[in-house]
Visitor: 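Got a structure for you, questions after.
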Protein chains: 2
Amino acid sequence: MDNLRGLFQLLARNFGFLNERCCESCCGQELSLTQSHILYEIQRKHQPSMQDVSGALGIDVTTFSRQIKTLVDKGLVKKTPHPDDNRINILSLTLEGQQLENQINGQVNAQLAGVMSQLTAFERETVIRSIELLNKAMQNSGSCCVPPK
Amino acid sequence: MDNLRGLFQLLARNFGFLNERCCESCCGQELSLTQSHILYEIQRKHQPSMQDVSGALGIDVTTFSRQIKTLVDKGLVKKTPHPDDNRINILSLTLEGQQLENQINGQVNAQLAGVMSQLTAFERETVIRSIELLNKAMQNSGSCCVPPK
DNA sequence: ATATATAATTGCATTATGCAAGTAATTAAG
DNA sequence: CTTAATTACTTGCATAATGCAATTATATAT
């Protein structure tokens with residue numbers, strides 16, 4: 001296939017819209033798309049530092065620092081100084097943050113399940129395995145697919 | 001699979017990074033990621049109007065209008081009034097715009113080909129078919145996967 | 001003609017972005 | 001032990017992006 005870009009672009013865009021839509025319907029004014037990604041990433045990482053999360057998302061640390069400040073102000077995220085190194089802040093979700101994140105997560109998964117329900121069971125299996133393969137291959141490609149800088 | 005979101009998120013993020021990286025190495029200061037998507041979309045559509053492109057990308061028309069202005073100033077895009085309706089502006093790429101777009105397109109496709117080269121021929125086939133299936137299913141899901149508003 | 005609708009642009013206020021410089025804490029060197 | 005070098009994070013500042021409301025210009029309907 002010589003139009004790989006088109007395929008991926010369309011997929012990424014459609015998923016982006018799904019994502020925005022879910023975030024909108026869940027959180028409305030409460031949360032931006034980027035912020036929902038931050039919650040997601042804090043949730044799934046083990047006691048991450050600022051750099052851990054900003055790095056994973058490819059967001060500049062300075063922008064990230066400000067985003068975290070607003071999330072803390074909203075009462076969704078907590079910063080705890082690392083016991084062995086006071087420079088480091090461990091990020092975690094507050095109870096409210098977890099609830100919101102679960103809600104978004106549920107919505108996104110439900111929408112995706114809806115999309116997948118159009119496929120046969122066999123196709124679903126294949127599609128999922130394919131994405132897993134792709135993800136592995138991308139993680140393996142040192143040069144590309146990696147956060148900037 | 002109950003973690004569809006995780007799979008898609010990772011894929012979209014990795015492709016996003018690949019995309020940024022390519023745009024950076026091709027155009028450097030010259031072009032933002034959004035702008036590269038605008039070029040792409042103008043290229044592949046047939047004589048699109050402003051709304052056609054901004055709608056496809058899910059960008060607010062007013063923001064889009066300003067982006068187009070800067071692209072016109074850079075000499076990459078041309079606006080032509082529609083012969084039958086002077087309210088409409090047809091967008092097209094200048095020669096320079098086409099060259100730049102081709103360059104980006106080449107890079108992205110090359111990087112993706114690199115990723116795919118890690119898979120067996122059979123896996124590649126399967127992966128491509130899977131994405132096509134997904135894209136179709138997403139386009140079909142009226143509610144989600146659609147630009148906001 | 002006058003009213004309505006549509007395509008696009010501009011005003012304006014808000015938010016996001018990222019570099020450079022700053023603060024604070026930790027580690028390394030002399 | 002004290003000074004220098006590193007590391008984690010935060011702020012200043014200037015620029016770019018965003019989106020709603022209002023405006024302009026053209027086209028369609030009554």
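Quick caveat, the model's predicted, so the values are computed rather than measured.
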Visitor: A:D60 has an atom CG; how far is it from atom C1' of D:dA16, in whole Å?
Guide: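 In whole Å, D:dA16 C1' lies 14 Å from A:D60 CG.
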Visitor: Output all residues satisfying side chain to side chain contact (heavy atoms under 4.5 Å, CB included) with B:K79, sequence neighbours left out; order by chain, then residue number.
Guide: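 Only B:M50, B:I68, B:V72, B:N89, B:L91 meet the side chain to side chain contact (heavy atoms under 4.5 Å, CB included) criterion with B:K79.
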Visitor: Just checking, is any N or O donor in the side chain of A:Q9 or B:N19 under 3.5 Å from an acceptor N or O on the other one?
Guide: yes
Visitor: Rounded off to whole Å, could you give me the CG-to-C1' distance for the A:N86 and C:dT27 pair?
Guide: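 So the CG-C1' distance, A:N86 to C:dT27, works out to 15 Å.
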Visitor: According to side-chain hydrogen bond (donor to acceptor under 3.5 Å, both in side chains), does anything in residues 57-68 of chain A pair up with another residue at least two apart or in another chain? List the pairs.
Guide: A:Q35-A:Q67, A:D60-A:T62
Visitor: Please list, one pair per line, the donor and acceptor atoms closer than 3.5 Å that link side chains of residues 126-133 of chain B to other protein atoms, with sequence neighbours excluded.
Guide:
| unit_1 | atom_1 | unit_2 | atom_2 | d |
| --- | --- | --- | --- | --- |
| B:T126 | OG1 | B:F122 | O | 2.8 |
| B:S130 | OG | A:S130 | OG | 2.9 |
| B:S130 | OG | B:T126 | O | 2.9 |

Visitor: Please give me every residue in residues 28-47 of chain A whose heavy atoms get under 4.0 Å of an atom in DNA chain D, ordered by residue number.
Guide: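 Going residue by residue through residues 28-47 of chain A, none turns out to have a heavy atom under 4.0 Å of DNA chain D.
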Visitor: Looking only at side-chain N and O atoms, does A:Q67 come under 4.0 Å of OP1 or OP2 in C:dT17?
Guide: yes
Visitor: DNA chain C: A:T70 or A:D84, which has the more 5' nearest nucleotide?
Guide: A:T70
Visitor: Which residues pass the side chain to side chain contact (heavy atoms under 4.5 Å, CB included) test with B:N102, not counting sequence neighbours?
Guide: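 Per chain and number, B:N102 pairs via side chain to side chain contact (heavy atoms under 4.5 Å, CB included) with B:Q43.
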Visitor: Please, which pairs that meet ring pair (Phe, Tyr, Trp, His ring centres under 6.0 Å) have at least one residue in residues 15-35 of chain B, sequence neighbours excluded?
Guide: A:F8-B:F15
Visitor: Rounded to whole angstrom units, what separation is found between the CG atom of A:L71 and the P atom of C:dA16?
Guide: 10 Å
Visitor: Which residues pass the salt bridge (Lys or Arg N to Asp or Glu O under 4.0 Å) test with A:K45, sequence neighbours left out?
Guide: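 Result, salt bridge (Lys or Arg N to Asp or Glu O under 4.0 Å) vs A:K45: A:E41.
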Visitor: Atom NE2 of B:H82 and atom P of C:dA7: how far apart are they, to the nearest Å?
Guide: 11 Å
Visitor: Between protein and nucleotides 7-11 of chain D, what N or O pairs are separated by less than 3.5 Å?
Guide:
| unit_1 | atom_1 | unit_2 | atom_2 | d |
| --- | --- | --- | --- | --- |
| D:dT7 | O4' | A:R87 | NH1 | 3.3 |
| D:dT7 | O2 | A:R87 | NH1 | 2.9 |
| D:dA8 | OP1 | A:Q51 | NE2 | 3.4 |
| D:dA8 | OP2 | A:Q51 | NE2 | 2.9 |
| D:dA8 | O5' | A:Q51 | NE2 | 3.1 |
| D:dA8 | O3' | A:R87 | O | 3.4 |
| D:dC9 | OP1 | A:M50 | N | 3.4 |
| D:dC9 | OP1 | A:N89 | N | 3.0 |
| D:dC9 | OP2 | A:Q51 | N | 3.2 |
| D:dT10 | OP1 | A:K79 | NZ | 2.3 |
| D:dT10 | OP2 | A:S65 | OG | 2.8 |
| D:dT10 | O5' | A:S65 | OG | 3.4 |
| D:dT11 | OP2 | A:K69 | NZ | 3.4 |

Visitor: May I have the list of side-chain donor-acceptor pairs in residues 105-116 of chain A shorter than 3.5 Å, sequence neighbours left out?
Guide:
| unit_1 | atom_1 | unit_2 | atom_2 | d |
| --- | --- | --- | --- | --- |
| A:N105 | OD1 | B:R5 | NH1 | 2.8 |
| A:Q107 | OE1 | A:S25 | OG | 3.0 |
| A:Q107 | NE2 | A:S25 | OG | 3.2 |
| A:N109 | OD1 | B:L4 | N | 3.3 |
| A:N109 | OD1 | B:R5 | N | 2.9 |
| A:N109 | ND2 | A:N105 | O | 3.3 |

